[in-house]
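The structure appears below as structure tokens.
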Amino acid sequence: MQISNGRKAFYIVFSILIAFVVWFYVNNYKEVEITISDIPVEFLNADSALANKGMMLINGEEVTTVDLVLSMPRSMVFGFDTGRVRAIANLGSVTSTGTQLVSYDIIYPPNVSRSMVSVISPSVQNVSVRIGELFRRSDIEIRCKLVGNVADGYVGGSVQLLPSSLEIWGQQSDVMQVSYAQVMLNIENTRSTIVELLEYELYDYNDKLIENRNIHAASSTVQVTMPVISATDVPLTIGFVEEPGIRLDSFDYKLDVNSVTLSGDANLLSQLSEIELGKVALADIRGEQTFVYDIVIPDGLRNLSGVTTATLTITNRDVVTRDVNITSFDYENFNAEDRSVEVVTSSLGVTLRGASATLDTISEDNVKAIANLSEINDASGTYTVPARVLIEGDPDVGTVQNLQLTVRITNRTETEDEEEPGTEGEAEGETEDEGQTEPENGSDTQTDGQEGTEEGTQG
């Protein structure tokens with residue numbers, strides 16, 4: 001049977017594809033070698049276990065490196081990151097000084113299976129190290145060099161270092177060269193306390209910088225703290241408590257100390273606009289009085305003035321009282337339509353308080369007492385309730401005493417609005433005026449109460 005040309009082409013392409021897959025599969029698992037050079041050796045326990053034994057690693061300035069030849073399947077080569085291959089030697093097992101061979105382990109990238117990689121070279125994984133005796137010093141002075149200046153109006157305090165001295169170790173010949181350690185703190189235009197972790201440098205007795213990797217230290221940084229303070233004048237104030245008719249402009253007062261000079265943290269000072277010595281209720285001032293206050297300074301600040309107390313002298317210059325007799329009354333905060341209100345109090349003596357010029361303009365006819373019925377809105381009977389004074393024009397005037405009024409609340413009845421029974425002749429003989437019934441007291445009071453409430457609101 002003859003095969004068509006199209007089918008022949010298909011078979012040819014399919015055969016080539018199969019051959020390529022077989023070739024790729026065979027070559028993908030073929031072992032290949034790669035070379036990695038100059039891998040730095042990392043030493044574990046050089047500054048801990050080894051130092052605790054009174055020994056140290058001495059390798060000079062050079063870095064110990066190793067070269068590796070690795071074998072792995074071709075499929076792993078493209079994903080193998082040679083930069084992540086590490087060589088680690090553990091010095092924890094070293095027990096004597098001198099030149100020694102220490103084995104190292106090879107650490108491969110995290111995505112590489114260790115079982116699929118073979119080390120072709122070197123056949124023995126050792127490095128040569130020099131171990132020497134350890135010499136310690138714990139008295140190395142730490143100095144701080146300041147660069148720049150704090151902002152105008154601010155003062156830098158004493159610099160504090162933590163630790164205050166440095167512990168170093170190494171070979172005796174190296175360690176004995178060290179005179180001091182120095183950190184550099186930039187304070188240019190600083191306005192607040194500085195707290196920084198700074199690296200230090202070692203200097204010899206000729207103030208020359210020492211660069212020796214064989215000198216080790218307990219800490220690589222030093223905490224530097226420098227307080228930055230500002231001397232600021234802070235005003236002293238009094239909290240005057242006013243009331244209606246009692247305003248500060250009716251009093252004369254004077255503090256013998258108006259301000260204190262404080263120093264401390266700039267952030268705290270910036271938040272302190274004044275120091276309030278205390279509060280004075282102006283209603284309690286009679287004539288001239290004197291008060292002495294302690295000047296309390298907030299924590300974290302210092303009083304550079306040396307003044308610890310301030311004296312206030314205050315005089316009542318214009319607040320006077322005047323007795324009036326109130327005969328006009330009203331009520332507010334009552335909205336029950338089924339009950340009526342009668343103010344029982346017919347006369348009330350009240351002492352008004354305010355500026356003399358204001359009290360002189362007030363007539364007793366313009367003063368009214370308003371009963372507050374908010375607490376007995378649902379009640380009936382006779383009650384004594386708080387009241388306030390309402391003065392026409394609403395001047396700035398208060399009262400000395402707390403006012404109270406007596407009120408009576410009664411229920412309305414339909415019979416109160418009906419005519420009494422009588423003879424037909426009597427009804428015909430009544431005049432038009434006589435036939436009208438006088439309004440109840442409660443009804444009149446309710447109307448007045450509404451007007452009083454409106455006046456109080458406007459006031």
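Remark: side-chain polar atoms of Glu364 are paired, donor with acceptor, to backbone N or O of Asn325 under 3.5 angstrom. With hydrogens and angles ignored, the 3.5 Å screen pairs a side-chain donor or acceptor of Asp204 with a backbone N or O of Asn206. With hydrogens and angles disregarded, no donor-acceptor distance shorter than 3.5 Å links the side chain of Arg130 to the backbone of Thr97. Looking at Thr399, its side chain does come within 3.5 Å of a backbone N or O of Gln401 through a donor-acceptor pair. A donor-acceptor contact shorter than 3.5 Å is absent between the side chain of Thr65 and the backbone of Ile39. Of the possible polar contacts, none joining the Asn333 side chain to the Leu373 backbone as a donor-acceptor pair under 3.5 Å is found. Gln223 places no side-chain N or O within 3.5 Å of a backbone atom of Glu196 that could act as its donor or acceptor partner. With hydrogens and angles ignored, the 3.5 Å screen pairs a side-chain donor or acceptor of Lys53 with a backbone N or O of Val94. Side-chain atoms of Ser305 come within 3.5 Å of backbone atoms of Thr261 as a donor-acceptor pair (strictly under, hydrogens ignored). With hydrogens and angles disregarded, no donor-acceptor distance shorter than 3.5 Å links the side chain of Lys368 to the backbone of Glu392.
If you take CG on Leu209 and CD on Gln182, they are separated by 9.5 Å, rounding to the nearest 0.5 Å. Atom OG of residue Ser259 and atom CD of residue Glu274 lie 12.5 Å apart, to the nearest 0.5 angstrom. Here the straight-line distance linking atom CD1 of Ile194 with atom OG1 of Thr190 works out to 3.5 Å at 0.5 Å rounding. The OG atom of Ser113 sits 6.5 Å away from the CE atom of Met76 when rounded to the nearest 0.5 Å. Separating the CD1 atom in Ile140 from the CG atom in Leu202 is a distance of 7.5 Å, to the nearest 0.5 Å. Here CD1 of Ile238 is found 5.0 Å from CG of Leu312. Values are rounded to the nearest 0.5 Å.
What you find for Cys144 and Leu185 is that their closest heavy atoms are SG-CB, 3.8 Å. The nearest pair of heavy atoms linking Ser128 to Thr99 is OG-CG2, 3.3 Å. Smallest separation of non-hydrogen atoms from Thr309 and Val292: CB-CG1, 4.3 Å. The shortest heavy-atom contact between Val257 and Leu236 is O-CD1, 3.4 Å. When all heavy atoms are compared, the tightest approach of Pro227 to Thr193 is CA-OG1, 3.6 Å. The nearest pair of heavy atoms linking Ile326 to Phe329 is O-CZ, 3.2 Å.
Among residues two or more places apart in sequence or in another chain, the side-chain contact (heavy atoms from CB on, under 4.5 Å) test is passed with Thr361 by none. With sequence neighbours excluded, the residues forming a side-chain contact (heavy atoms from CB on, under 4.5 Å) with Thr221 are Leu197, Glu199, Ser219, listed by chain and number. Residues passing the side-chain hydrogen bond (donor to acceptor under 3.5 Å, both in side chains) test with Asn126: none are found, sequence neighbours excluded. Not counting sequence neighbours, the partners of Ala387 by the side-chain contact (heavy atoms from CB on, under 4.5 Å) test are Leu403, Leu405. Every residue two or more places apart in sequence or in another chain was checked for a salt bridge (charged side-chain N to carboxylate O under 4.0 Å, His left out) with Arg191, and none qualifies. By the ring-ring contact (aromatic ring centres under 6.0 Å, His included) test, Tyr203 pairs with Tyr180, sequence neighbours left out.
Open room surrounds CD on Glu337; 12 or fewer heavy atoms of other groups in view lie less than 6.0 Å from it. Surrounding CG of Asn111 are more than 12 heavy atoms belonging to other residues, nucleotides or ligands, all under 6.0 Å away. Heavy-atom contacts from other residues, nucleotides or ligands closer than 6.0 Å to CZ of Arg143 number more than 12.
Among residue pairs with one or both ends in residues 304-320, those qualifying as salt bridge (charged side-chain N to carboxylate O under 4.0 Å, His left out) are Asp252-Arg317; sequence neighbours excluded. Pairs of residues two or more places apart, or lying in two chains, that qualify as salt bridge (charged side-chain N to carboxylate O under 4.0 Å, His left out) and include a residue from residues 347-359 are Glu243-Arg353. For the side chain to side chain donor-acceptor pair (under 3.5 Å) condition, the pairs that include at least one residue of residues 36-45, sequence neighbours left out, are Glu42-Arg86, Asn45-Ser48, Asn45-Asn90. Screening residues 276-290 for salt bridge (charged side-chain N to carboxylate O under 4.0 Å, His left out) gives Glu276-Lys279 as the qualifying pairs, with residues at least two apart or on separate chains. Residues in residues 251-301 take part in these ring pair (Phe, Tyr, Trp, His ring centres under 6.0 Å) pairs, two or more places apart or across chains: Phe240-Tyr253.
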Worked verdict on Leu198 versus Val222 for side-chain contact (heavy atoms from CB on, under 4.5 Å): CA-CA 5 Å; Leu198 301 177; Val222 175; 5.6 Å; no

Working for side chain to side chain donor-acceptor pair (under 3.5 Å), residues Ser96 and Gln100: CA-CA 9 Å; Ser96 59; Gln100 301 184 34; 3.2 Å; yes

Verdict with reasoning, Val119 to Gln125, per side-chain contact (heavy atoms from CB on, under 4.5 Å): CA-CA 10 Å; Val119 180; Gln125 299 171 18; 3.8 Å; yes

Verdict with supporting geometry, Ile210 and Val178, side-chain contact (heavy atoms from CB on, under 4.5 Å): CA-CA 8 Å; Ile210 297 175; Val178 179; 3.9 Å; yes

Stepwise side-chain contact (heavy atoms from CB on, under 4.5 Å) test for Ile295 and Val307: CA-CA 8 Å; Ile295 302 175; Val307 181; 4.0 Å; yes

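For the pair Thr225 and Leu162, the minimum side-chain heavy-atom distance is 4.5 Å or more. Side-chain contact between Met72 and Val77 is present, with heavy atoms from C-beta onward closer than 4.5 Å. Met184 is not listed as a side-chain neighbour of Glu201, based on a closest heavy-atom distance of 4.5 Å or more. Between Ile314 and Leu282, some side-chain heavy-atom pair lies under the 4.5 Å cut-off. Using a 4.5 Å heavy-atom cutoff, the side chains of Ile107 and Ile88 are in contact. Between Arg408 and Thr382 the shortest side-chain heavy-atom distance falls below 4.5 Å. Side-chain contact between Arg339 and Thr410 is absent, with no heavy-atom pair separated by less than 4.5 Å.
Using a 4.0 Å cut-off between charged side-chain N and carboxylate O, Arg137 and Asp139 make a salt bridge.
Looking only at atom types and distance, the side chain of Thr327 has no donor-acceptor partner in the side chain of Ser347 under 3.5 Å away. If you check the side chains of Asn411 and Asp338, you find no donor sitting under 3.5 Å from an acceptor.
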N/O donor to acceptor pairs below 3.5 angstrom from side-chain atoms of residues 168-176, sequence neighbours left out:
| from | atom 1 | to | atom 2 | distance (Å) |
| --- | --- | --- | --- | --- |
| Asp174 | OD1 | Asn212 | ND2 | 3.2 |

